[in-house]
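Only one structure is covered here, and it is reproduced in the block below.
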Amino acid sequence: MRQFYGRGVCSGITIGRATVSGRERQPIRRVGVEDTVKELRRFEEAKKKAHAQLLEIYEKALREVGETNAEIFSIHMMMLEDEDYNESVISIIDTQKVNAEYAVDVTGENFARMFASMDDAYMRARQADVRDISSRIILCMGGREEKKRVMNDNSVVCAEDLSPSETVVLDKSKVSGFVTAKGSSNSHTAILARSLGIPAVIGVGEDFVGAVNDGDSIIVDGYDGKIFVNPDAETLEVYEQKRREDRHKKELLRSLKGKDNVTLDGTRINVYANIGSADSIGDVLYNDAGGIGLFRSEFLYLEKNDYPCEQQQFEVYKTVLESMAGKKVVIRTLDIGADKQAEYLCLENEENPALGLRGIRLCLSRPEIFKTQLRALYRASVYGNLAIMFPMITNKWELEKTLEICTLVKSELKECGIAYDETTEIGIMIETPAAAIISDVLAPMVDFFSIGTNDLTQYTLACDRQNPNLEEFCDTHHESLLRLIKFTSENARKNGAWTGICGDLAADTSLTETFIKMGVDELSVPASEVLKIRSVIRSLDVRL
Ligand code: PEP
Ligand code: MG
């Protein structure tokens, strides 16, 4: 048995047989030609053919994975007409007097290398697209043989990398998983795998393709990014059980995907997902969450040995916003301190860190860190439907000061001619009893509240959330908490703001009905819980 680790980009467990593809790229020969006009004509004809194929693929993708995901193939069609790309091919044919296949191959590689060197992760991932297009044109000229993949039932496609069009034309009735040695979670291949709901793990490393042969037994664990090639009996048994459980869950999932979160009497509620990094977007989309209700941005700071700079943050936020394609994404600003510590921040030791310099308190006392994050957020705001949320608000003045800093950041961006979305919603976490009690004062200042029941419970019941000995005292259904939630939601409503719950209690299905009756508009839960909440909502009648 051999084990590999990569990044799971689509959750699920598959046990299948390996179909290994594209061990090496067939080289394109450079052939000198006399008649360059003929080569230019071959290039033009091949482009026409490629365009017709892409149109067909686009229509197939449209049927199978929806408009947003199919969009990449209309971009491919546009790329066929890209001026720089075409000029490069024509100039290589004309000046070097070579065959069109060679000119396309060299141009494709040059463009791919240019994309690979870009700072922006999204642009870097485009190298696969430009290679895909070049390959297609070459195929259309008959310069490279198209390898028809023989696919058996339950095939796990194992490849160096897969292009988006290779992914979309695969026979999905036979493919039960993807594993690629390379690839990024931003690649359209990953996006397509997710929308097809096929377990996929990418980036398992260079030695993977050499270590697996056609027909090998293979386990793909898309949850944990694990791959087992020729697993032993014990591993197989464990994963067979996991697969049974997974299938059961998916049956429920399938029947609820695409359905509304609406009660029997017609009350609608948003069910969003909580994430800690851009890598979880796959799960969010796969579980059909209506948006992201809490992106805990502090993980960006915790996974590094130094402050993430504005550009690094911008890229992550942009990726998340673009991947969510217009659905709401609530990004919470840095909530560090208490149980989340980063050495480079050099925070002083505190007697009671949960009551210490954390969340908005830290941001207001270190405005430069705060402003850097806000600049990154506002810059990213034009790429989707962003809402910015501030943690640990206790006083009105903290919110006033925070809003002043937002105004300052926006005016600085404007001065530099940098675009941002003026309609970006602003909200706060309600996670201190103080904030809940003055929610009537805070509500007119914001667009929304999101109730952080983890901290609200800790501070209301004076129960340290880190202390395992307090379980029996930490009653998350305590009347005081429920009253605070109701009060907050009523004050929001009176002032035209919406209320969400993003703490763990949002996923407690025994309270779903109570929350809806309290007027809560949104529940943000771990992605894996979205459909469970949906099924409960759909069974309720809140008039009764
Ligand atoms: C909360 O306190 O409920 C919350 C969602 O924030 P965190 O768990 O990150 O403190
Ligand atoms: Mg909290």
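Note that the numbering runs from 1 along the sequence shown for the chain.
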How far apart are the closest heavy atoms of Ala527 and Ala273, and which atoms are they? CA-CB, 4.0 Å

Of the non-hydrogen atoms in Met518 and Leu482, which two are nearest, and what is the gap between them? CE-O, 3.3 Å

Give a yes or no on whether a salt bridge exists between Arg465 and Asp455, defined as a side-chain N under 4.0 angstrom from a carboxylate O. yes

Looking only at heavy atoms, the pair that brings Ala354 and Arg358 closest together is O-CD, 3.7 Å

For Thr460 versus Ser480, what's the shortest heavy-atom pair and its separation? CG2-OG, 3.5 Å

Can you confirm whether Lys401 is buried at NZ, in the sense that more than 12 heavy atoms of other residues, nucleotides or ligands lie under 6.0 Å from that atom? no

Does any donor atom in the side chain of Tyr420 or Glu422 lie under 3.5 Å from an acceptor atom in the other side chain? yes

Under a 3.5 Å threshold, yes or no: a donor from one side chain and an acceptor from the other, between Ser381 and Asp421? no

Run the ring-centre check on Tyr307 versus Tyr301 and record whether the distance is less than 6.0 Å. no

Between the side chains of Gln3 and Tyr5, is a donor N or O closer than 3.5 angstrom to an acceptor N or O? yes

With no hydrogens and no angle check, is any side-chain donor or acceptor of Asn287 less than 3.5 Å from a backbone partner on Ala289? no

Does Glu343 have more than 12 heavy atoms from other residues, nucleotides or ligands lying within 6.0 Å of its CD? no

Under 30°, 30 to 60°, or over 60°: which ring-plane class applies to Phe448 and Trp498, parallel, tilted or perpendicular? parallel

So with a 6.0 Å cut-off around CZ of Arg483, is the heavy-atom count from everything else above 12? no

Is the charged tip of Arg126 near the ring of Phe115: under 6.0 Å from the six-membered ring centre and within 45° of its axis? no

Around atom NZ of Lys410, are there more than 12 heavy atoms of other residues, nucleotides or ligands at under 6.0 Å? yes

Indicate whether any N or O donor in one side chain lies under 3.5 Å from an N or O acceptor in the other, for Glu71 and Ser74. yes

Tested for salt bridge (Lys or Arg N to Asp or Glu O under 4.0 Å) against Glu310, the lone hit among Lys371, Arg375, Lys318 is Arg375

So with a 6.0 Å cut-off around CG of Asp306, is the heavy-atom count from everything else above 12? yes

